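Notes to accompany the following structure.
Throughout, protein chains are lettered first and strands after them, A, B, ... in sequence-line order, and every chain is numbered starting at 1. All values reported here derive from a predicted model rather than from experimental measurement.
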Amino acid sequence: MTSPFASFVAVTALAAAAAPAWAQDGGAPPRADPIGDYRWAVYTACTVAFAAITAFLLVTHARSRRAADELASLERRLDALENAPPGRPAA
Amino acid sequence: MTATDTAPSTTESGRPAAGPFVVHALGALALLVALNWLVTTYVPFAVEGIGSSYLIMYYHVPSAIVTTLLYGFVCLASILYLVTRNRLWDRLARAYVAAGLLANAVTLLTGSVWAKAAWNHWWDWRDPRLTSVAIMFLMYLGYVALNASVDDEEKRPRYAAVFGILAAINIPIVKKAIEWFGMASHPQKVGTGPEITATWTFGIVAFLAFYTAIAQWKLHRDGIRERVEAALARVRKIEEASA
């Protein structure tokens, strides 16, 4: 068994052990409205969260494009090395 | 592997094309902001029985539906991999699993928050739909663990594809859980009216755009990582030949 699968089994076992406490009945729900006047705060928080995730995706994608450029250059040099005649360095 | 088969949209130099991804990601963001706006201003503030806590359903239900759609794509891509042995299908399946797991986690979290507001407990193991969605999440975590555990690059995609097909059994179980196993504490329908239905439909489109953007992002990164590994293998081969 390799380590990712062992970690998966360990996390599952921990979740199963914590499950009874997680599902504990807290009695009747509170009377007060849980959102009340916070509707716009929820709107702002959700919008900021989605924008942050999108910004992360765009920034990391732009970085991966730059990495792809450098990789393409390396691949061309490897092509030249592999196709060079024996005993002669590639141009 | 060549530079051109790493992703469906690449330029001549092999780099991922930025345009479609940027449009996709920003489009998804615009749809999600519009969804937030609809939830804040358009739909009823509260419904009978559970008050305003039902508003979280505009995120929970679309995420749940999109989760099953993404896992359905995983099953399809896995079948196509086994039929064609084209590695692109394996990468697509892994990308959709990553996006599906995120959607699945959002479904579980929002469902749990709603349960606390409505039932005053975070979870109810007697509810077959909650439990089946949690099992589905664990099964697809197992898919990720399987991919990380098998080092043989010939066997790994095959095992993952078989797992991806078998795990799809969860989709009908989640869909039919209440019908098959009873105990309908899970709400079947929350509120009625054209504005509620329209906002839910809009939410499904918005979240589908968002999670497929995440899948596309993962697909590009996996493609580049595989090219790096292939380039390193070539470097080692050249070094061995020249030694």
Side-chain angles (χ1 to χ4, degrees), chain A residues 1-9 11-12 15 19-36 38-40 42-47 49-51 53-58 60-62 64-79 81-82 86, chain B residues 3 6 10 13-16 18 21-22 25-26 28-29 32-33 35-37 39-41 45-46 50-53 55-56 59 112 116-125 134 138 141-142 144-151 210 213-214 217 220-221 223-224 227-228 230-231 234-235 237-238:
Chain A
M1 185 186 290
T2 52
S3 92
F5 194 71
S7 309
F8 168 69
V9 172
V11 168
T12 308
W22 188 31
Q24 197 173 26
D25 195 337
R31 279 274 181 208
D33 195 302
I35 296 179
Y38 300 110
R39 206 173 190 180
W40 282 103
V42 173
Y43 167 83
T44 308
C46 287
T47 302
F50 291 137
I53 294 169
T54 307
F56 171 79
L57 293 178
L58 290 174
T60 49
H61 186 76
S64 73
R65 289 186 72 228
R66 281 197 291 276
D69 279 345
E70 289 170 18
L71 188 56
S73 160
L74 173 66
E75 284 168 338
R76 281 194 295 274
R77 287 171 63 190
L78 284 171
D79 286 342
L81 277 172
E82 284 170 343
Chain B
T6 53
T10 52
S13 68
R15 74 196 283 198
F21 178 76
V22 172
L26 290 177
L29 177 63
L32 287 171
V33 172
L35 174 67
N36 286 343
W37 182 264
V39 172
T40 310
T41 61
F45 181 64
I50 54 174
S52 63
S53 71
L55 291 174
I56 203 167
Y59 304 93
S112 200
K116 182 63 179 169
W119 301 335
N120 206 22
H121 50 257
W122 296 101
W123 197 263
D124 187 349
W125 286 108
L138 287 173
L141 271 185
V144 175
L146 176 73
N147 270 291
S149 301
V150 180
D151 293 328
F210 180 64
I214 289 172
W217 174 85
H220 283 155
R221 290 179 75 84
I224 290 169
R227 278 174 58 197
V228 168
R234 288 170 69 188
V235 168
K237 205 172 164 186
I238 291 167

_For A/Thr60, give me all partners under side chain to side chain donor-acceptor pair (under 3.5 Å), at least two apart in sequence or on another chain._
B/Trp217
*List for me each residue that meets side chain to side chain donor-acceptor pair (under 3.5 Å) alongside A/Thr47, sequence neighbours excluded, and say none if there are none.*
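By the side chain to side chain donor-acceptor pair (under 3.5 Å) rule, A/Thr47 matches B/Asn36.
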*Can you tell which part of B/Val39 gets under 4.5 Å to a heavy atom of chain A, answering side chain, backbone, both or neither?*
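For B/Val39, the contact with chain A is made by the backbone alone.
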*asked:* So for B/Ile238, is it side chain, backbone, both, or neither that comes closer than 4.5 Å to the heavy atoms of chain A?
replied: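 The answer is the side chain of B/Ile238.
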Would a 4.5 Å heavy-atom cut-off, applied to side chains only, mark [X] and [Y] as touching?
X: A/Arg65; Y: B/Ile224; answer: no
X: B/Lys237; Y: A/Glu82; answer: no
X: B/Leu26; Y: A/Leu58; answer: yes

_Portion of A/Leu78 that has a non-hydrogen atom of chain B nearer than 4.5 angstrom_ =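 For A/Leu78, the contact with chain B is made by backbone and side chain together.
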*Looking only at heavy atoms, which two atoms of A/Leu71 and B/Ala231 are closest? And how far apart?*
CD1-CB, 4.2 Å
*Which heavy-atom pair separates A/Ala72 from B/Arg227 by the least distance, and what is that distance?*
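Closest approach of A/Ala72 to B/Arg227: N-NH2, 3.7 Å.
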*Assess whether side-chain contact (heavy atoms from CB on, under 4.5 Å) is satisfied between B/Thr41 and A/Tyr43, documenting all intermediate values.*
CA-CA 10 Å; B/Thr41 61; A/Tyr43 167 83; over 6 Å; no
*Would you call the rings of B/Phe210 and A/Phe50 parallel, tilted or perpendicular if under 30° counts as parallel and over 60° as perpendicular?*
perpendicular
